[in-house]
Amino acid sequence: MVTALRALLVAAALAATATVAPAAPPDGRDAPDLKTLRPGAFVVQQQAVPVDVVFIGYRRQQIDEATLLGMLPQTYRPTVRYPQFYGLNGRDMGLEFRFRYRTRYASRAFENEFFDFLAKAGSDGPLTPFQNAYNDQTRNVLDVAGPVLYIDAPSVESYLASQKDGDRQGYTIYFINWYGRRDFRFHVYTKTDEVDPDTGYDFGTLRGSRKMIAWGGSVSRTWFYDLSAGPESWTNNWLVDDDQSEYHMPPVWEYRTGGYRTPAALTSDLGLVARFVGIDLLFTTSPLYDPLVTAPDVGGAKVVHVSMHEDDPASNGLQYFNREFTRRELRRFEPYYPWKVGLTDHRPIDPGAKRSLDIFANTLVADDCWNALGSTFGQLFCYFNANLARYVPHYPARDYVGEVFGFNTTDAALGALSGLLGFADDNWVDGTQTHVFMFDTPETRGAGFGFTTTTIHEFGHHIGMSHPHDGYDSELGLDFGAAGPFEFAWSGDESATVMHYIALSNGFGTFDRDNQHRWEMAGYVNWSNAVLGDIAGHPRVAAVAGLIEAADEAAGEAVDAFRRWEYLRAATKAREAYSHVALAARQIGASTPTLDAARRALPAAASQRIICEIRHPFD
Ligand SMILES: [Zn+2]
């Protein structure tokens, strides 16, 4: 497998010319005094992205630097993923990144300091269930001996982030190897500072499956990956008796003759992690859905409306949903919109909703609107889509309303789908996002999950975000998930984001914000260009010259901020630019056919779905 993947990478490296077609020139009708906006033009924002790969505790002869660098992509163009499941291209995101790599080996002095820090930061504890499971394998090359160190992962991230060169922008991957030093201790990384807001459940403390080997993105553009930690559960890194058809990385001491992997494979394994996890899933990612589909009109808010359906007489779903918590996390993520979280409760669930839930769960076999979609999985979408007005109150037309249907139900009612937390559905036509569906049961709550983090996670999908364990490799044109040759991609979950499955973060992290803000910045600049192109020939355009000037100024500030890596400001200013031109079009009554076409649904085709399930419910 890894040989095939490497061949693919070599082919891609040869094919990657790293050149971009220049943006289309302005059509000549633009006002001459615009500095940034280009009426009617489509602009690709380009950015050089430095990526530092730093080795701590690895010797130079262990790593073949040329091979590792040869595995990494030269460029990344974010792509909307869901339309591709239908064979369609989503909106061009208008972004291209060119990577600038630098590899570094930490000095002996720094290594001494760092491993001393780890030893002091950790506290002794027993072997985790997965370290014991590793010891119980028949082919393991050593036995992990306790006590082992439990080390706070965000503290290590902060320590490493403080090492960064002062004003150099970019991302850093630290590949750590403590093994082989005299002061080596078996260790795992933990994160215990965020409990589930509804259940108070502390996954980080209580679960063996949350003792990790990697972390990053809490407070910095840093991610560390330590193959001398663990062995851990999340990437199946403890498992060394398997046939390797699911490709995961073993502990570093297994890279030896007679071990799980050859010494030479260490370089290519770290290369795979750097490319498919560090770059594709954390640093420069692709959206699951087009974020701009969820743009409110000028002066409008983003609305999450939760329509709760009570299907368990013994409990109350409202006790497991926190509106203010949800609003706060979403507002922190996209503070350039006003946010509202609405809630209606249907107690008990009405017959129409219950029938659709049962058909969806395959506990009721009946024909209904799903037949036209070819799958009972579509029943919730088609029923609620046809009956929106019954379940979701009226909001002002300028607001963007995302509907979230919550089912406070039981595992029995969910049938074979028990364990499903939710999914952010599309329109079953072209991969445009529609409604969110989520589920909570007494059993699910026993496993730690209420509705609040599911709402934030699923709405995160709805407004754009992918999981940090599935994504898109731009140069290979490859959409991948954490299975088969990419099982190791589960390590992306060991980063700060509510979009992971590991349930250690309740909000969005640094990597989420960088990506979302860049997507929206580039998108709003191009929407502004589209509107300006549309209204340029309008007889009353002179009447809105002030707004157009203000838009151009805001767009200029957006581009400047983007160049300085101040992405929040870039997105905020680009949204402002778009608001000005949209208002200008409205004031003179101009139509905006280019923008309308950009917002219109894509032509039709058939597809796969991404659903969000509990992983390791009980360990
Ligand atoms: Zn998900």
Side-chain angles (χ1 to χ4, degrees), residues 80-85 194 196-198 203 209-210 217 234 277 280-282 285-291 293-294 304 306 321 326 329-330 333 360 377 380-381 402-407 414 417-427 431-441 444 447-472 479-483 486-487 489-509 511-513 515-516 519 607-617:
V80 187
R81 294 171 62 206
Y82 227 117
Q84 297 200 330
F85 303 155
E194 289 182 79
D196 185 276
D198 303 319
F203 288 91
S209 57
R210 272 64 175 182
W234 206 254
V277 181
D280 289 345
L281 300 181
L282 301 178
T285 65
S286 283
L288 186 60
Y289 288 121
D290 182 357
V293 167
T294 66
V304 183
V306 175
F321 177 60
T326 303
E329 294 304 328
L330 288 165
F333 188 37
F360 168 81
F377 202 87
L380 291 179
F381 163 71
E403 302 88 7
V404 178
F405 298 95
F407 299 88
L414 285 179
L417 290 175
S418 81
L420 176 67
L421 289 174
F423 60 103
D425 213 350
D426 79 321
N427 60 1
T432 300
Q433 60 269 59
T434 56
H435 321 304
V436 166
F437 300 96
M438 62 177 180
F439 311 89
D440 207 31
T441 69
T444 309
F449 297 94
F451 280 115
T452 302
T453 56
T454 303
T455 304
I456 300 166
H457 174 110
E458 298 303 339
F459 215 76
H461 285 315
H462 183 83
I463 61 180
M465 301 308 298
S466 296
H467 295 131
H469 59 248
D470 58 57
Y472 182 72
D479 203 279
F480 63 97
F486 294 100
E487 189 185 41
W490 281 118
S491 55
D493 274 8
E494 299 184 353
S495 66
T497 173
V498 70
M499 302 312 297
H500 63 202
Y501 279 8
I502 204 165
L504 299 176
S505 298
N506 296 327
F508 299 91
F511 305 136
D512 298 322
R513 285 192 291 272
N515 284 299
Q516 181 84 354
W519 300 333
S607 136
Q608 70 183 67
R609 327 211 82 69
I610 286 189
I611 60 173
C612 312
E613 292 176 291
I614 300 182
R615 192 159 182 257
H616 299 296

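Every number for a ligand or one of its atoms is a count from 1 in the order of the listing.
Between Phe437 and Phe360, the ring center distance fails the sub-6.0 Å criterion. Separation of the Phe439 and Phe449 ring centroids does not fall under the 6.0 Å cut-off. Under the 6.0 Å cut-off for aromatic ring centres, His461 and His467 qualify, their centroids lying closer than that.
Near-neighbour remark for the Zn ion (ligand 1): protein N, O or S atoms under 2.8 Å are His457 NE2, His461 NE2, His467 NE2, Cys612 SG; waters not counted.
From Glu458, atom CD reaches atom OG1 of Thr453 across 9.5 Å, with rounding to the nearest 0.5 Å. Note that the CE atom of Met499 and the CD1 atom of Ile456 stand 10.5 Å from one another [nearest 0.5 Å].
The shortest distance between side-chain heavy atoms of Gln516 and Met465 falls below 4.5 Å.
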